[in-house]
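Let me begin by presenting the structure, written as structure tokens, before commenting on it.
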Amino acid sequence: MLKLYNSYSNSLEEVELNKKQVKIYLCGPTVQSSPHLGHGRSAVVFDFLVRYLKYLEYKVIFVRNITDIDDKIIEKSFEENISYAELGTRVSKEFHNAYEELNCIDPDKEPKATEFIDHIIKYIKKLIENKFAYVTKSGVYYEISKFDDYLLLSGRTKDDVVSGTRVEIEEDKKNPEDFALWKFSQEDEPYWESPWGNGRPGWHIECSSMIEAILGKTIDIHCGGNDLIFPHHENEIAQSKGAYPNEKFVNYWLHNGMLNLSGKKMSKSEGNIKLLNDYINEFDGQVVRFFFLKSQYRSPQEFSLDLLKESESTLNNLIEFTKGVNPEPKNEKVLSIFEESMNEDLNTAKMLGDLFKLINEADALEEQKLKDLKSTIKFVFNVLGFELIKKDTNRKTKDELIEFFNEYDIKFGDIDQAVNEFINIRESLRKKKDFNSADKMRESILDIGISIEDGTYSGWSWKTS
RNA sequence: GGCGACGUGGCGGAGUGGCUACGCAGCGGUCUGCAAAACCGUUUACACGAGUUCGAUUCUCGUCGUCGCCUCCA
């Protein structure tokens, strides 16, 4: 039985979902600057969720939005002297590239705020009709005091929020804590026409509106980073309940933990951001993905280069262990470890530990059982979006390879042939006990990412690293 | 200040009222011309103080510390 931690009830709940249709919405990025590792974590951990639900044979409808208009985007586009749309398109591409490298499955729908302006306007109209919103000289605002259940998600009191309010207080707001649904545009700012004046949507309204437009009034699971709990998700609830007071908005709220750098949250405001693409390029999307697997999704997770290297080692060891078998669900123990761990609020860290316990006992197994163990581990990792295949991270060009092998009078045809000839030359040196030269060759071929391992019984083997 | 989370071995990170997770790194060994890989072995941690208990890292209270949110954030 799948249990998930629901932020709304602050407790682990046995989830009840309809096999035929599970509606999931994940708050995606504001496309204002390049994706960082925190964005990666959110995308990957909820990708684990979606993949696991599919494994359990739920029919999932997965929506992840793109916020392509907001204050920051406008500000940034002014700085760069390009349009908000140009900036948004460019950054969206970077996000898509990163998602692909991380092997996150594409959402069924990926709505953009600017594509739903009409619907957003209708939504705001409804809120005004329902007396939850009012119009001023600067925009349209949601009136918090009209919504009794405000702050049930974050567990605050309204007094806390008022005292902590740090946003510039608009003169014409009824209460400082009221938030904008529609902001009238200033000079030069992009705008859309509305019944109240030219402007743009506020940050929170797009999610309520797009969820309704695409998934309907009630969804099963709403995900996002835990830094969105307040105010973003709190305001989404206020909007959705304001528009449809008698409908349940979200059944399960899931929030992932933040990524820390030396104990501090990685965030735009802290300025301690590590860009996703840097690490995807240096390592491999799968290594970064595996890094996220090593921690339970709600825990804060510590990031450092060394920890990423550690992930690479661990992943490579798993790849070595499962080498030469096809992914198949054969070993019951592995499958039960997988399901029991995932059922406990997607405890991927526990799963990994328990699987390694089995691997450590594997030497005692007879051949077929060992093979089944490997197959099943490979299968389970496939379900979670890993290939367990060594990726060729060697970025040498063909010309560089030709040049390298030329040094040893080897004509480069393909890599296997060239390496074989290389090894043969080296073997003859070893036979002549010219170990100095042989060791030099072994050393030099590391430059093109190949390590040669001499074995007593099997002669030698080579593998790319 | 308010609300919340957390403090586990060198680092990371699960978990449990009693059965020394696990990973990575390190160290020793087998093997090897050497190295690597592989395999074997190895370093017995749960902030501190008190309480409950036959027994607490796990429950309760207190202390100290760290972190998050308090309308920018995945």
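Order of the sequence lines sets the chain letters (A, B, ...), proteins ahead of strands, with each chain counted from 1. Values reported hereafter were calculated over all heavy atoms of this structure, with side chains retained and with hydrogens, waters and symmetry mates removed. Because the structure is predicted, anything quoted here is derived from the model rather than measured.
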Could you check which of [options] has an atom nearest any side-chain atom of [X]?
{"X": "A:Asp439", "options": "B:rG13, B:rC22, B:rG33", "value": "B:rG33"}
{"X": "A:Asn360", "options": "B:rC73, B:rG23, B:rG33", "value": "B:rG23"}
{"X": "A:Glu302", "options": "B:rG12, B:rC69, B:rG15", "value": "B:rG12"}
{"X": "A:Asn317", "options": "B:rG33, B:rC24, B:rC72", "value": "B:rC24"}

Using OP1 and OP2 only, check whether a side-chain N or O of [X] sits under 4.0 Å from [N].
{"X": "A:Ser299", "N": "B:rA14", "result": "yes"}
{"X": "A:Lys268", "N": "B:rA74", "result": "yes"}
{"X": "A:Lys350", "N": "B:rG13", "result": "no"}

* To do: Please examine the side chains of A:Gln301 and A:Leu259, heavy atoms only from C-beta on, and report whether any two atoms are closer than 4.5 Å.
  => yes

Applying a 4.0 Å non-hydrogen cut-off, can you work out what [X] is touching in the nucleic acid: base, sugar-phosphate, or nothing?
{"X": "A:Gly263", "value": "sugar-phosphate"}
{"X": "A:Asn347", "value": "sugar-phosphate"}
{"X": "A:Gln296", "value": "sugar-phosphate"}
{"X": "A:Gly40", "value": "nothing"}
{"X": "A:Gly353", "value": "base"}
{"X": "A:Thr314", "value": "sugar-phosphate"}
{"X": "A:Lys309", "value": "nothing"}
{"X": "A:Gln301", "value": "sugar-phosphate"}
{"X": "A:Phe356", "value": "sugar-phosphate"}
{"X": "A:Leu26", "value": "nothing"}
{"X": "A:His36", "value": "base"}
{"X": "A:Met258", "value": "base"}

* Are the ring centres of A:Phe291 and A:Phe303 closer than 6.0 Å? ->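 For A:Phe291 and A:Phe303, the ring centres are under 6.0 Å apart.
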
* To do: Report yes if the distance between the aromatic ring centroids of A:Phe338 and A:Tyr52 is under 6.0 Å, otherwise no.
  =>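 So the answer is yes for these two rings.
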
Please give, in whole Å, the distance from [N] [atom2] to [X] [atom1]?
{"X": "A:Arg41", "N": "B:rG68", "atom1": "CZ", "atom2": "P", "value": "15 Å"}
{"X": "A:Leu305", "N": "B:rC11", "atom1": "CG", "atom2": "P", "value": "18 Å"}
{"X": "A:Asp227", "N": "B:rC69", "atom1": "CG", "atom2": "P", "value": "7 Å"}
{"X": "A:Lys294", "N": "B:rC24", "atom1": "NZ", "atom2": "P", "value": "9 Å"}
{"X": "A:Leu49", "N": "B:rA74", "atom1": "CG", "atom2": "C1'", "value": "15 Å"}
{"X": "A:Ile73", "N": "B:rC72", "atom1": "CD1", "atom2": "P", "value": "15 Å"}
{"X": "A:Leu308", "N": "B:rA25", "atom1": "CG", "atom2": "C1'", "value": "16 Å"}
{"X": "A:Asp354", "N": "B:rG15", "atom1": "CG", "atom2": "P", "value": "10 Å"}

Considering only the [atom1] atoms, how many Å lie between [N] and [M], rounded to the nearest integer?
{"N": "B:rG23", "M": "B:rG18", "atom1": "P", "value": "22 Å"}
{"N": "B:rG10", "M": "B:rC27", "atom1": "P", "value": "16 Å"}
{"N": "B:rU60", "M": "B:rU53", "atom1": "P", "value": "16 Å"}
{"N": "B:rC22", "M": "B:rU16", "atom1": "C1'", "value": "15 Å"}
{"N": "B:rC64", "M": "B:rG49", "atom1": "C1'", "value": "10 Å"}
{"N": "B:rG51", "M": "B:rG65", "atom1": "P", "value": "24 Å"}
{"N": "B:rC19", "M": "B:rG62", "atom1": "P", "value": "28 Å"}
{"N": "B:rG4", "M": "B:rC61", "atom1": "P", "value": "13 Å"}

* Parallel, tilted or perpendicular, as decided by the 30° and 60° cut-offs, for the rings of A:Phe283 and A:Tyr279 -> parallel

* **Shortest non-hydrogen contact between A:Gly385 and A:Arg289, atoms and distance** =>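 Between these two residues, the closest heavy atoms are O-NE, 3.2 Å.
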
* How close do A:Phe386 and A:Asn382 get, heavy atom to heavy atom, and via which atoms? ->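 The answer is O-OD1, 2.8 Å.
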
* Structure fact -> When A:Ser154 and A:Pro231 are each assigned the nearest nucleotide of RNA chain B, the 5'-most assignment goes to A:Ser154

* Toward the 5' end of RNA chain B, by each residue's nearest nucleotide, A:Asp306 or A:Phe435 ->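 The 5'-side residue here is A:Asp306.
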
Checking only heavy atoms, does the side chain of [X] share a donor-acceptor pair with the base of [N] at less than 3.5 Å?
{"X": "A:Lys265", "N": "B:rC73", "result": "yes"}
{"X": "A:Arg442", "N": "B:rA35", "result": "yes"}
{"X": "A:Glu310", "N": "B:rG23", "result": "yes"}
{"X": "A:Asp454", "N": "B:rC34", "result": "yes"}

* Is it the case that A:Lys174 places NZ or CZ above or below the six-membered ring of A:Tyr134, under 6.0 angstrom from the centre and within 45 degrees of the axis? ->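 Relative to the ring axis of A:Tyr134, which defines the angle, A:Lys174 lies inside both limits.
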
* Asked: Which dot-bracket notation, 5' to 3', represents the base pairing of RNA chain B when pairs are defined as Watson-Crick or G-U with both distances under 3.5 Å, crossing pairs as [ ], and inter-strand pairs as |?
  -> (((((((..(((.....[...))).(((((.......)))))....(((((..]....))))))))))))....

* **NZ/NE/NH1/NH2 to OD/OE distance under 4.0 Å, A:Asp149 and A:Lys241** =>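 Here A:Asp149 does not pair with A:Lys241 in a salt bridge, since their nearest N and O are not under 4.0 Å apart.
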
* Asked: Are A:Arg430 and A:Glu427 ion-paired here, with the side-chain N under 4.0 Å from a carboxylate O?
  ->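 Yes, A:Arg430 and A:Glu427 are salt-bridged.
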
* **Partners meeting salt bridge (Lys or Arg N to Asp or Glu O under 4.0 Å) with A:Lys72 (sequence neighbours left out)** => none

* To do: Apply side-chain contact (heavy atoms from CB on, under 4.5 Å) to A:Ile74 and A:Ile69, showing your working.
  => CA-CA 7 Å; A:Ile74 292 171; A:Ile69 184 72; 4.1 Å; yes

